[in-house]
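Residue numbers run from 1 in the order of the sequence given.
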Amino acid sequence: MLKTIQLSIIICLICSIAVAQTNPGQIIQAAFQKVNAGNAAEAITDLNNFLVDNPTHYGALSALGFAYRGNQEYSKSVEAYEKAEKAQPGPRANFNLGVAYALSSDLDKSFEKLIQVKESNALNLTVIGLSPAAAVLSKDARYELLFPSKAEYADPFTEENVEILQDWGGENPNDQFGWIGRNIGDVDGDGIW
């Protein structure tokens, strides 16, 4: 009886370890860690193995695009990101695809996707300046279109009756410190919030 219980416990442990190793979140996280540690090839193998049974898993496809990019296989990165976009269309997929197109030297498709992201207003596209594609994109006149124009900065609020109390200039052209708008209550006691 004791041996049967011990054997059952061992089987349960083995099954739980196998399940833990096939958790999509863990596989994707491990792949990102491998790419960041300089082992993109292993991440590519792991993700491709996972995608055999889960061919439309957005997270795994995006991670695969990132892994191929880390391995400097830019055309394969584009393929993975295109599949990710089909699996889950949206601004995040378009951003990743725009970066992949830029790195594979397809600037027209890159700007098409990145302009879509800007027009969606769903992501802060200014982070493109930190991406590996910035070196390629910045040589093109369309690069400036990805950033807010002076007119867009002139009236940054969509709410009515908003007043800017203080505005600080940056040390460098196009510096961005950030801003926040909050209801702070009736500060001066005049009944207006």
Side-chain angles (χ1 to χ4, degrees), residues 24-25 27-36 40 43 47 51 54 56-160 162 164 167-170 172-183:
I27 291 169
I28 293 166
Q29 182 180 8
F32 277 111
Q33 290 171 342
K34 288 176 182 179
V35 173
N36 290 331
L47 290 164
L51 286 164
N54 307 280
T56 61
H57 192 283
Y58 173 78
L61 289 166
S62 292
L64 183 61
F66 180 73
Y68 278 127
R69 186 171 82 198
N71 214 35
Q72 298 182 351
E73 295 180 70
Y74 299 125
S75 62
K76 289 184 179 182
S77 177
V78 166
E79 290 175 25
Y81 280 129
E82 284 175 339
K83 289 177 183 177
E85 183 196 31
K86 285 180 185 166
Q88 188 174 325
R92 174 75 52 206
N94 283 339
F95 179 84
N96 289 333
L97 194 48
V99 169
Y101 281 137
L103 293 173
S104 69
S105 301
D106 191 340
L107 295 183
D108 290 336
K109 285 185 180 179
S110 175
F111 281 108
E112 177 186 329
K113 290 298 179 184
L114 295 171
I115 294 292
Q116 286 176 8
V117 173
K118 181 180 180 186
E119 290 173 351
S120 76
N121 239 356
L123 291 176
N124 176 7
L125 191 56
T126 61
V127 298
I128 193 69
L130 303 173
S131 88
V136 177
L137 294 171
S138 63
K139 296 174 185 170
D140 191 292
R142 295 173 287 182
Y143 185 66
E144 292 300 318
L145 298 174
L146 303 178
F147 296 90
S149 66
K150 289 186 186 230
E152 290 170 310
Y153 275 126
D155 188 18
F157 297 97
T158 57
E159 300 88 357
E160 293 182 25
V162 174
I164 297 175
D167 191 13
W168 289 276
N172 299 303
N174 297 320
D175 271 356
Q176 296 181 43
F177 178 72
W179 59 270
I180 189 165
R182 290 232 169 103
N183 183 343

S.K.: Using every non-hydrogen atom in the two residues, find where Ala67 and Ala40 come nearest and quote the distance to one decimal.
M.R.: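 Looking at all heavy atoms of both residues, the shortest contact is O-CB, 3.5 Å.
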S.K.: Is the backbone of Phe147 close enough, under 3.5 Å, to the side chain of Lys118 for a donor and an acceptor to pair up by distance?
M.R.: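 Yes.
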S.K.: What's the spacing between Leu137 CG and Ser131 OG if we round to 0.5 Å?
M.R.: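 Between atom CG of Leu137 and atom OG of Ser131 there are 6.5 Å.
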S.K.: Does the side chain of Leu145 reach to within under 4.5 Å of the side chain of Phe111, using non-hydrogen atoms?
M.R.: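 Not touching, per the 4.5 Å side-chain cut-off.
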S.K.: Could you check whether any side-chain heavy atom of Pro24 comes within less than 4.5 Å of a side-chain heavy atom of Asn54, counting everything from C-beta outward?
M.R.: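 Sidechains of Asn54 and Pro24: no contact.
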S.K.: If only atom types and distance count, is the side chain of Tyr81 paired as donor or acceptor with the main-chain N or O of Phe66 below 3.5 Å?
M.R.: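 Checked: pair present.
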S.K.: Side chains of Asp106 and Ser104 only: does a donor on one sit below 3.5 Å from an acceptor on the other?
M.R.: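 No, Ser104 and Asp106 have no side-chain donor paired with an acceptor closer than 3.5 Å.
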S.K.: So does Gly65 get a backbone contact from the side chain of Lys76, meaning a donor-acceptor N/O pair under 3.5 Å?
M.R.: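 A pair under 3.5 Å: no.
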S.K.: For Glu79 and Tyr74, does a side-chain donor sit closer than 3.5 Å to a side-chain acceptor?
M.R.: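 The answer is no; no qualifying pair exists.
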S.K.: Within the distance-only criterion (no hydrogens, no angle test), does the side chain of Asp140 pair as donor or acceptor with the backbone N or O of Arg142 below 3.5 angstrom?
M.R.: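 Checked: pair present.
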S.K.: Keeping the roles fixed (side chain from Asn36, backbone from Phe32), state whether a donor-acceptor pair exists under 3.5 Å.
M.R.: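 Judged by distance alone, yes, a pair lies under 3.5 Å.
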S.K.: Is there a side-chain contact (heavy atoms from CB on, under 4.5 Å) between Tyr101 and Val78? Walk through the geometry before answering.
M.R.: CA-CA 6 Å; Tyr101 281 137; Val78 166; 3.5 Å; yes
S.K.: Kindly compute the distance separating CZ (Arg92) from CG (Leu123), expressed to the nearest 0.5 Å.
M.R.: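 Rounded to the nearest 0.5 Å, the CZ-CG separation comes out at 5.0 Å.
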S.K.: With rounding to the nearest 0.5 angstrom, report the CD to OG distance, Glu144 to Ser149.
M.R.: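 If we round to the nearest 0.5 Å, Glu144:CD and Ser149:OG are 11.0 Å apart.
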S.K.: Below 4.5 Å, heavy atoms only, C-beta onward: do Pro132 and Leu103 meet side chain to side chain?
M.R.: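 Side-chain contact under 4.5 Å: yes.
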S.K.: So if I apply the side chain to side chain contact (heavy atoms under 4.5 Å, CB included) rule between Tyr58 and each of Gln88, Lys83, Lys86, which one comes out positive?
M.R.: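 When Gln88, Lys83, Lys86 are each tested with Tyr58, the side chain to side chain contact (heavy atoms under 4.5 Å, CB included) holds only for Gln88.
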S.K.: Within the 4.5 Å heavy-atom criterion, are Ile128 and Val99 side-chain neighbours or not?
M.R.: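 Of all side-chain heavy-atom pairs linking Val99 with Ile128, at least one is under 4.5 Å.
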S.K.: Once you round to the nearest 0.5 Å, how far does CG of Leu47 lie from CG of Leu61?
M.R.: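 Spacing of CG (Leu47) from CG (Leu61) equals 9.0 Å.
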S.K.: What distance separates Leu125 CG from Leu114 CG, expressed to the nearest 0.5 Å?
M.R.: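 One finds 6.0 Å between CG of Leu125 and CG of Leu114.
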S.K.: With a 3.5 Å distance limit and no angle check, can you tell me whether Ser110 reaches the backbone of Gly98 through a side-chain donor-acceptor pair?
M.R.: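 Here the side-chain-to-backbone pair exists.
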S.K.: Please report the interatomic distance NZ(Lys139) to CG(Leu107), rounded to the nearest 0.5 Å.
M.R.: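 It is 10.0 Å, given to the nearest 0.5 Å.
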S.K.: Ignoring hydrogens, what is the shortest heavy-atom contact between Val136 and Ala102? Give both atom names and the distance.
M.R.: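 Taking Val136 first and Ala102 second, the nearest heavy atoms are CG1-O, 3.7 Å.
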S.K.: With a 4.5 Å heavy-atom cut-off, do Pro91 and Asn94 have their side chains touching?
M.R.: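 No - every pair of side-chain heavy atoms lies 4.5 Å or more apart.
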